Amino acid sequence: MSVTSKLQQLPSFDPADPIGIDDLLAPEDLAIRGTVRSWAADRVLPHIADWYERGELPGIRELARELGSIGALGMSLEGYGCAGASAVQYGLACLELEAADSGIRSLVSVQGSLAMYAIHRFGSEEQKRRWLPGMAAGEIIGCFGLTEPDHGSDPAGMRTYAKKDGGDWVLTGRKMWITNGSVAGVAVVWAQTDDGMRGFVVPTDAPGFSAPEITHKWSLRASVTSELVLDEVRLPADAVLPDVTGLKGPLSCLSHARYGIVWGAMGAARASFEAALDYARTREQFGKPIGGFQLTQAKLADMAVELHKGILLAHHLGRRMDAGRLRPEQVSFGKLNNVREAIEICRTSRTILGANGISLEYPVMRHATNLESVLTYEGTVEMHQLVLGKALTGLDAFR
């Protein structure tokens with residue numbers, strides 16, 4: 001077949017997929033993406049502006065059960081009621097959830113990639129059987145306690161401490177900025193011990209455990225964020241995660257969660273870009289749609305390039321994860337790039353919408369403010385720059 005004949009058979013240009021990334025996806029991938037997108041369109045998008053304005057996520061337990069019913073909780077884990085989906089499929093779900101709102105994606109990420117992942121990878125068989133099926137179904141909400149009021153980027157300095165008392169453990173300390181904390185039925189809490197850092201599976205009804213909600217947030221407003229207070233919480237010996245000691249435990253969980261952010265940030269960017277593109281096609285100034293002006297088209301073109309480069313990067317990292325070849329430095333690469341570019345896309349979209357860009361009638365400002373949290377949680381920009389700097393130079397700038 002000649003080159004001319006091949007050109008005549010080219011598919012039409014799709015503004016929603018300008019470089020044909022969907023060609024890389026299998027029918028099952030597309031089906032999972034469609035299921036999550038439909039759920040978000042039905043259950044989140046009609047209400048999210050109101051939830052965000054009110055600063056609450058009503059019905060979170062019902063939403064969790066619904067997410068469990070479509071297999072979105074712990075979806076890349078195997079067994080115990082988990083879906084066993086591929087990393088790419090999990091990433092596609094994160095993109096669709098964050099296109100609705102970062103708070104919804106955070107709910108799923110903390111549940112599956114932090115709390116469930118920790119138990120699945122480092123827990124005993126008894127712990128897995130006790131907690132994971134209910135968490136996969138959304139019947140039990142989990143949270144992950146690592147960050148403290150005075151220790152974020154340096155978790156090794158944490159003050160939460162677990163001491164042995166006979167056959168029990170006694171935990172004392174505080175955790176801060178904990179997604180799902182005040183609605184969780186179980187918390188995975190990291191603490192110092194005489195033998196190093198350990199993880200503990202803590203039922204939230206244990207005496208001495210409390211989780212006051214953090215309010216007055218200007219970001220992730222449609223998300224439950226809490227402090228965890230552990231006031232001599234007594235746990236049995238088998239509450240400890242048996243298969244890990246030291247920082248490698250929480251850091252491996254964080255790497256898994258950061259992978260979801262690489263995809264999720266592109267969901268927020270896509271929603272903002274689509275709002276700007278639609279607005280540019282219909283908003284008229286000087287007698288024609290503003291999308292017909294050169295400067296607006298330049299903005300749209302630049303946003304489309306960065307958006308789909310980011311999605312392509314996320315897809316590449318997902319394939320590496322599925323092949324067991326994804327390194328933590330590569331996750332840092334994706335998180336650093338995609339969140340920064342997503343914020344820039346939101347800001348540029350806001351300029352196209354003009355004054356309407358600050359209204360909750362459009363998603364742009366909501367996504368922009370949410371991404372300010374995404375930018376610094378699961379590792380700040382500076383920490384990911386230093387991770388990459390060390391990998392590139394072989395020199396450690398952390399100390």
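Treat the numbers as computed from the prediction; the structure is a model and nothing was measured.
Taking a 6.0 Å sphere around CD of Q297, one finds it holds more than 12 heavy atoms contributed by other residues, nucleotides or ligands. Summarising the local packing, CD1 of I358 is surrounded by 12 or fewer heavy atoms from other residues, nucleotides or ligands at distances under 6.0 Å. Residue-environment remark: CG (L295) stays at or below the threshold of 12 foreign heavy atoms within 6.0 Å. No more than 12 heavy-atom neighbours from other residues, nucleotides or ligands sit within 6.0 angstrom of CZ on R159. The environment of F286 atom CZ is sparse: at most 12 non-hydrogen atoms of other residues, nucleotides or ligands sit within 6.0 angstrom. Annotation for Q294: atom CD does not count as buried by contact number, only 12 or fewer foreign heavy atoms lying within 6.0 Å. Atom NZ of K390 is surrounded by 12 or fewer heavy atoms from other residues, nucleotides or ligands within 6.0 Å. No more than 12 heavy atoms of other residues, nucleotides or ligands lie within 6.0 Å of CD in E232, so this atom counts as exposed by the packing criterion.
Atom CG of L228 is separated from atom CZ of F209 by 4.5 Å, given to the nearest 0.5 angstrom. Here the CG atom belonging to L371 is positioned 5.0 Å from the SG atom belonging to C346, to the nearest 0.5 angstrom. Atoms CD1 and OG1, from I140 and T204 in turn, are 9.5 Å apart once rounded to the nearest 0.5 Å. Taken to the nearest 0.5 Å, the OH atom of Y80 stands 15.5 Å off from the CH2 atom of W131. Taking NZ from K248 and CZ from F122, the interatomic distance works out to 7.5 Å, rounded to the nearest 0.5 Å. Within the model, atoms CG of L77 and CG of L132 stand 7.5 Å from one another, a figure rounded to the nearest 0.5 Å.
Between the side chain of D29 and the main chain of A26, a donor-acceptor pair closer than 3.5 Å is present. Side-chain N or O atoms of N180 include none that pairs as donor or acceptor with a backbone N or O of C143 at under 3.5 Å. Judged by distance alone, with hydrogens and angles left aside, the side-chain atoms of K163 form no donor-acceptor pair with the main-chain N or O of T172 at under 3.5 Å. Within the 3.5 Å criterion, the main-chain N or O of V170 finds no donor-acceptor partner in the side chain of D165. Between the side chain of E98 and the backbone N or O of L95, no donor-acceptor pair lies under 3.5 Å. Between the R320 side chain and the R325 main chain, a donor and an acceptor come within less than 3.5 Å of each other. In terms of modelled atom types and a separation under 3.5 Å, the side chain of T393 and the main chain of G389 share a donor-acceptor contact. Using modelled atom types, no side-chain atom of D168 and backbone atom of R234 make a donor-acceptor pair closer than 3.5 Å. Panel note: side chain Q89, backbone S86; a donor-acceptor pair is recorded below 3.5 Å. Between the side chain of Q127 and the backbone N or O of D238, at least one donor-acceptor pair lies under 3.5 Å.
A salt bridge does not link E344 with R340: every distance from a Lys NZ or Arg NE/NH1/NH2 to an Asp or Glu carboxylate oxygen is 4.0 Å or more. Taking the charged nitrogens against the carboxylate oxygens, K164 and D194 have no contact shorter than 4.0 Å, which rules out a salt bridge. A salt bridge links E372 with R347; the closest basic N to acidic carboxylate O contact falls under 4.0 Å. The pair K288-E284 does not count as a salt bridge, with every side-chain nitrogen at least 4.0 angstrom from each carboxylate oxygen. Remark: R366 engages D101 in a salt bridge, criterion side-chain N to carboxylate O under 4.0 Å. One finds no salt bridge joining K335 and E378 here, because no Lys/Arg side-chain nitrogen approaches an Asp/Glu carboxylate oxygen to under 4.0 Å. Between K309 and E306 there is a salt bridge, since a side-chain N of the basic residue sits under 4.0 Å from a carboxylate O of the acidic one.
Within the 4.5 Å cutoff, side-chain heavy atoms of L235 are placed close to those of P203. Side-chain contact between V36 and L97: present, with at least one pair of heavy atoms (C-beta onward) separated by less than 4.5 Å. At a threshold of 4.5 Å between non-hydrogen side-chain atoms, the residues R198 and L241 do not count as touching. At a threshold of 4.5 Å between non-hydrogen side-chain atoms, the residues M266 and I261 do not count as touching. Proximity of I119 to K128: side-chain heavy atoms (C-beta onward) are separated by under 4.5 Å at one or more points. In this structure, M158 and K175 have side chains that are in contact, with non-hydrogen atoms separated by less than 4.5 Å. Using a 4.5 Å heavy-atom threshold, the side chains of D231 and S210 count as separate. With contacts defined as side-chain heavy-atom distances shorter than 4.5 Å, the pair R43/L63 qualifies.
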Full working for salt bridge (Lys or Arg N to Asp or Glu O under 4.0 Å) between R270 and E274: CA-CA 6 Å; R270 188 192 73 191; E274 289 176 347; 3.8 Å; yes
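Side-chain N/O atoms of S113 and Y259 include no donor and acceptor closer than 3.5 Å. Between S373 and S219, the side chains place a donor N or O and an acceptor N or O closer than 3.5 Å (distance only, hydrogens not considered). Side chains of T160 and E148: a donor-acceptor N/O pair is present below 3.5 angstrom, by distance only. Side-chain N/O atoms of S252 and Y117 include no donor and acceptor closer than 3.5 Å.
In this structure, the ring of W169 has its center less than 6.0 angstrom from the ring center of F200.
A cation-pi arrangement is absent between R37 and W39 under the rule of less than 6.0 angstrom and at most 45 degrees off the ring axis.
With Y279 as reference, I290 is the one residue of T296, V364, I290 to meet the side-chain contact (heavy atoms from CB on, under 4.5 Å) rule. Just one residue in the list M176, E213, K217 forms a side-chain contact (heavy atoms from CB on, under 4.5 Å) with T225, and that residue is K217.
Taking the six-membered ring where tryptophan is involved, the planes of W51 and H47 are essentially parallel, since the angle between them stays under 30° and well short of 60°. Ring pair H256/Y90 is parallel by interplanar angle, where below 30° counts as parallel and above 60° as perpendicular.
By the rule that hydrophobic residues join a cluster once side-chain heavy atoms approach within less than 4.5 Å of another member, V262 and L92 end up as members of one cluster.
Scanning all heavy atoms of the two residues, the minimum distance from S272 to H367 falls at OG-CB, 3.7 Å.
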